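In what follows, every chain begins at residue 1, and chains take the letters A, B, ... in the order their sequences are listed. Everything numeric in this text was worked out from a predicted model, so none of it was measured.
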Protein chains: 2
Amino acid sequence: MTDLTQRQQQVLSFIRQRQVHGETPSRREIADHFGFASLNAVSSHLHLLEKKGAIKVVQGRARSLQVPSPLRSWQSVVCHIPLLGSIPAGRAELRESDMEGCVSVDVATIGYQPTKASFALRVAGQSMVGRHILDGDLVILEHGPEPKPGDVVAALIDGQCTLKTFIVKNGRPYLKAENPQYADLIPAEELVIQGVMRALIRRVNA
Amino acid sequence: MTDLTQRQQQVLSFIRQRQVHGETPSRREIADHFGFASLNAVSSHLHLLEKKGAIKVVQGRARSLQVPSPLRSWQSVVCHIPLLGSIPAGRAELRESDMEGCVSVDVATIGYQPTKASFALRVAGQSMVGRHILDGDLVILEHGPEPKPGDVVAALIDGQCTLKTFIVKNGRPYLKAENPQYADLIPAEELVIQGVMRALIRRVNA
DNA sequence: TGAAATACTGTATATTTGTACAGTATGACT
DNA sequence: AGTCATACTGTACAAATATACAGTATTTCA
């Protein structure tokens, strides 16, 4: 396959940019962007791009350019999970005011399909290093399901949302910190469990 | 704001589904999907959905329905990183044949803008537990940049791509495993460093 | 020098698409 | 009974859009 011309690359990356923002450009919009007076300038570029396999043109459909990529065939659905700063007492209603950001990950990577009851938290403190969860890590949790012994859960303790390990001792549930310095055991019945950990994302400073 | 009718929810989720696949449906396609004989059925639904704030209709533009969401304003650009099964010797050319999957994450979450030299690996073995990197974790790396002391790097050792810590001792670079059981020190000059770790994603089995 | 590919202008047209208007039917609520 | 919102059929039309054809200038390459 021939390589792309400079101009063709420009057109391609313009289409790509628009795709990211959720809109496939029409031929007229491409012409406007590059200052073309003629639509045929766009059309011929698109033809060449298709001939070289860089794009796929669906006949007769508006705004339906497709940019295939070797990655594309591996991609799974990307879902968006609210990153909460703090969880208010009571139910973990996902209020807009508590939202601090958004975590977007594909389903295959985190290994499960998030629901409306999914949310993310940023870990504060070293209390879970024993489970290899570090300060600053981003944890994705699921609100609702009953935790199993050994699960990492988020619980509301003194108004603060804290990560603990859920354990059962003598038939009674407890929460445990995974750090020798914070080796306290809290009866789980006194607490509201906000969610069960499902995934973790860590960024490493360059 | 009024709640959505059952039918309106159906229409909305159909639009959402198509959006995920990269295409916004036209009014005729929506009509076809639901078996409407009239376009006005679609139009009135869209009007009501817009009135209730569930969608945004851009006037006069084909396939330009937008589905706003409280999350939307927080979303950043999602990028797609190839998940490699094995890295062949020599340059880390991203060949299609080595691709095993695709990791999609947004830029804000992993904290940097990946390039074409970015790739992901699945961690095999316990050699990096000391750095809180576990067996099965997914690591995102950047090919190219010179590692700094203390960075986690992927290196090609005996044809296997392995994670190590990059350290400098007596002015000479070494690679070190972060596990007392594998406490060997390898001179870095003998090896090809494939990439520097930038982020980590861990999935927790439900 | 000549051929071929690229990069455009200019004009025209068929199709897709959005939009408007008129009307029917049904259920919920007052 | 009457009003209102919802959920459609049916028809028509204008704007947006894709597409085709004819032609020019420039570069590349043989």
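Taking atom CD of B:E29 as the reference point, atom C1' of C:dG18 lies 13 Å away to the nearest angstrom. Between B:N40 atom CG and C:dC21 atom C1' the separation is 9 Å, expressed in whole Å. For B:R28 and C:dT15, the CZ to P distance is 13 Å, given to the nearest whole Å. In this structure, B:Q10 places its CD atom 14 Å from C1' of D:dT6, rounding to the nearest Å. In this entry the distance linking CG of B:L46 with C1' of C:dG18 reads 10 Å, nearest Å.
In this structure, A:R27 and B:Q6 both approach DNA chain D, and ranking their closest nucleotides by distance from the 5' end singles out B:Q6. Map B:R7 and B:R61 each onto its nearest nucleotide of DNA chain D; the residue landing nearer the 5' end is B:R7. Residue order along DNA chain C, read from the 5' end via each residue's closest nucleotide, puts A:L48 first among A:A37 and A:L48.
The heavy-atom pair separating B:P25 from B:L65 by the smallest distance is O-CD1, 4.2 Å.
Side-chain atoms of B:S38 lie closest to D:dG10 of the nucleotides C:dT17, D:dG10, C:dC8. In the set D:dT6, C:dT9, C:dA20, C:dT9 carries the atom at the smallest distance from any side-chain atom of A:A41. The A:S44 side chain lies nearest to C:dC8 when the options are C:dT17, D:dC8, C:dC8. With distances taken from any side-chain atom of B:L39 to the nucleotides D:dT17, C:dT19, D:dC8, the minimum falls on C:dT19. When the nucleotides C:dT17, D:dA7, C:dT9 are ranked by their closest atom to the side chain of B:S26, C:dT17 comes out on top. The side chain of A:H45 lies closest to C:dC8 when the candidates are D:dA7, D:dT9, C:dC8.
At a cut-off of 3.5 Å, with distance as the only test, no side-chain donor of B:Q19 or B:R16 sits close to an acceptor on the other residue. In summary, the side chains of A:E142 and A:T115 do present a donor paired with an acceptor at a separation below 3.5 Å, with no hydrogens or angles considered.
Remark: side-chain polar atoms of B:R202 are paired, donor with acceptor, to backbone N or O of A:H132 under 3.5 angstrom. Not a single donor-acceptor pair under 3.5 Å links the side chain of B:R27 to the backbone N or O of B:L46.
Between A:R63 and D:dT17, a side-chain N or O to OP1/OP2 separation shorter than 4.0 Å is present. Taking 4.0 angstrom as the limit, B:T5 places a side-chain polar atom (N or O) nearer than this to OP1 or OP2 of D:dA7. Neither OP1 nor OP2 of D:dA5 sits under 4.0 Å from any side-chain N or O of B:K52. The phosphate of D:dA16 (OP1 or OP2) has no side-chain N or O of B:Q59 nearer than 4.0 angstrom.
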Determine, stepwise, if the pair B:E29 / B:R18 fulfils salt bridge (charged side-chain N to carboxylate O under 4.0 Å, His left out). CA-CA 11 Å; B:E29 285 172 354; B:R18 286 296 190 87; 3.6 Å; yes
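For the helix from C:dT1-D:dA30 to C:dT30-D:dA1, the terminal axes (five pairs an end, C1' atoms, rotation from four pairs onto the next four) enclose an angle of 30°, given to 10 degrees.
Using cut-offs of 30° and 60° on the angle between ring planes, the pair B:F14 and B:F34 is perpendicular.
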